[in-house]
Amino acid sequence: MSDAKRPLRSAQWFGAADKNGFMYRSWMKNQGIPDHEFQGKPIIGICNTWSELTPCNAHFRKLAEHVKRGVFEAGGFPVEFPVFSNGESNLRPTAMFTRNLASMDVEESIRGNPVDAVVLLVGCDKTTPALLMGAASCDVPAIAVSGGPMLNGKHHGRDIGSGTVVWQLSEQVKAGKITLHEFMSAEAGMSRSAGTCNTMGTASTMACMAEALGVTLPHNAAIPAVDSRRYVLAHMSGMRIVEMALQDVRLSKLLTKEAFENAIRVNAAIGGSTNAAIHLKAIAGRIGVNLELDDWTRIGRGTPTLVDLQPSGRFLMEEFYYAGGLPGVIRRLGEAGLLPHPDALTANGHSLWDNTKEAPIYDEEVIRPLDKPLVPDGGLCIVRGNLAPNGAVVKPSAATAALLKHRGRAVVFENFDDYKARIGDPELDVTKDSVLVLKNCGPKGYPGMAEVGNMGLPPKLLAQGVTDMVRISDARMSGTAYGTVVLHVAPEARAGGPLAVVKEGDWIELDCLAGTLHLDVSDAELTQRLANWAEVQTVATADTSGYRKLYVDHVLQADQGCDFDFLVGCRGADVPRHSH
Ligand code: FES
């Protein structure tokens, strides 16, 4: 179904035999590009988040070279360009602070340049949503290629997983079970190859979401970064994007409401990160799809978690690929009638079901059968109530089942500094039944919405052997973390949500399965507290200038995807012509 007669977008730059065409071509020719490369070939942008400061994306130049081979082979011409690389591990205050900034870079880089289609090189947590958001706002033909996960970490003869082992070992240090030296010795073993975090954290989750959404080739999510098949996939993606450019397979044909519903179901089956709820909403918003938090309840709840990966389970992404990867999971869902939209179109031109219906599964410990799930109902729980009128999120597969319904008294921390100052106090009035409440860590309150929602437990309780408590905040949680943690409370405290007025000793009731989160004070009392709170608010001086001001002024709440209000929507790829 090639449509080579359709004028290519890049012809607006390179196609004219006039002064403007001369200027556009001439400057490109300083790179040694011969004339025939400008003769009607699709120009394929390779949008690269390579950076040595984003270690999980540091191998992307090699990945780009393999994409280029595929583009050349299929008759296109590749042009690689850099975009802001917001890596999770180094960036302060948090990579989420710059997700929208990166998406703006991507959007304007695509729209303003002579490209007919793009390959999005993604990997670290926020690079995947940022590039999909930017490309979706332009609605050009696009395919994503993930960098792939690291090989399994190794420490003292056993496998260790990115991030998850940090949470585990640091709590063991606090509880006096291991030495600091032993803790530090795990560093090198945790990250021993190129690639992204190898647990089912946010990076792996978003790679799975991209594959489930249909914007990648099959198996994109799980092939290890250093496996030669990762580079074959990059090559094949380069070939395919040339066809997509010629056939005008834009993102809007892939990123439909049906595709997002498939992704929500897949997220439950893989035990995916809570961050997916924010990122999918933001991506959907850019392509004009209305996705609501309640879609996670409607589609996700009742779905068994089949993938036995850390942090919910035992294994790592390397085993996941060897066991059959995401196509195996989707096959399981489809055979059980749990794939909402099998006919959804994917980047290779086939439906999601066509791509997966015969996918082999080699290891049923890693990809479990339906009658032996890791968690019988692994869909994210959306809870609401007078403490979270616009919703909050809990990941039951990473929680303690007995705590999913709990009533306890609040131990309140006004912000993360307050938490750090007091959590280790031996006099802290806290028991294992208390509910830890952390305020002012939401999108505006801790600009970027830090991943501190899985706040560590009081050391004195850890020493007693307590391993989990109910924790509530307007923060996010790393996808590699675990615990009975209520996250993304909306509206956040800084925006005047009821979380702002929780007091020490208040009773709080959580019922994840019923979907409720209740602060046990009267409506009149809550109204009075909120009125008193509003009276004493002042604008924090740190937020009066620079990008931080733009962020705080315009970021939407977690239930709206934390996009900037002015970025929501698809603006297309048209741009006014400039005459030299
Ligand atoms: Fe980049 Fe985990 S820190 S993938």
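Whatever order the structure lists them in is the order used to number ligands and atoms, beginning at 1.
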- Task: Anything protein N/O/S under 2.8 Å from atom 2 (Fe) of ligand 1? Just list residue and atom, please.
- Result: C197 SG
- Message: Check K444 with E492, please: is the shortest side-chain N to carboxylate O separation under 4.0 Å?
- Response: no
- Query: Can we say D227 and R230 salt-bridge, meaning some charged N sits less than 4.0 Å from an Asp/Glu carboxylate O?
  - Reply: no
- Residues in side chain to side chain donor-acceptor pair (under 3.5 Å) contact with D565, at least two apart in sequence or another chain: H554
- Can you sort out the partners of T179 under side chain to side chain contact (heavy atoms under 4.5 Å, CB included), two or more places apart, ordered by chain and number? H181, E182
- Electrostatic pair E365-R314, nearest N-O below 4.0 angstrom: yes
- Query: Among all residues two or more places apart in sequence or in another chain, which pass the side chain to side chain donor-acceptor pair (under 3.5 Å) test with S85?
  - Reply: T54
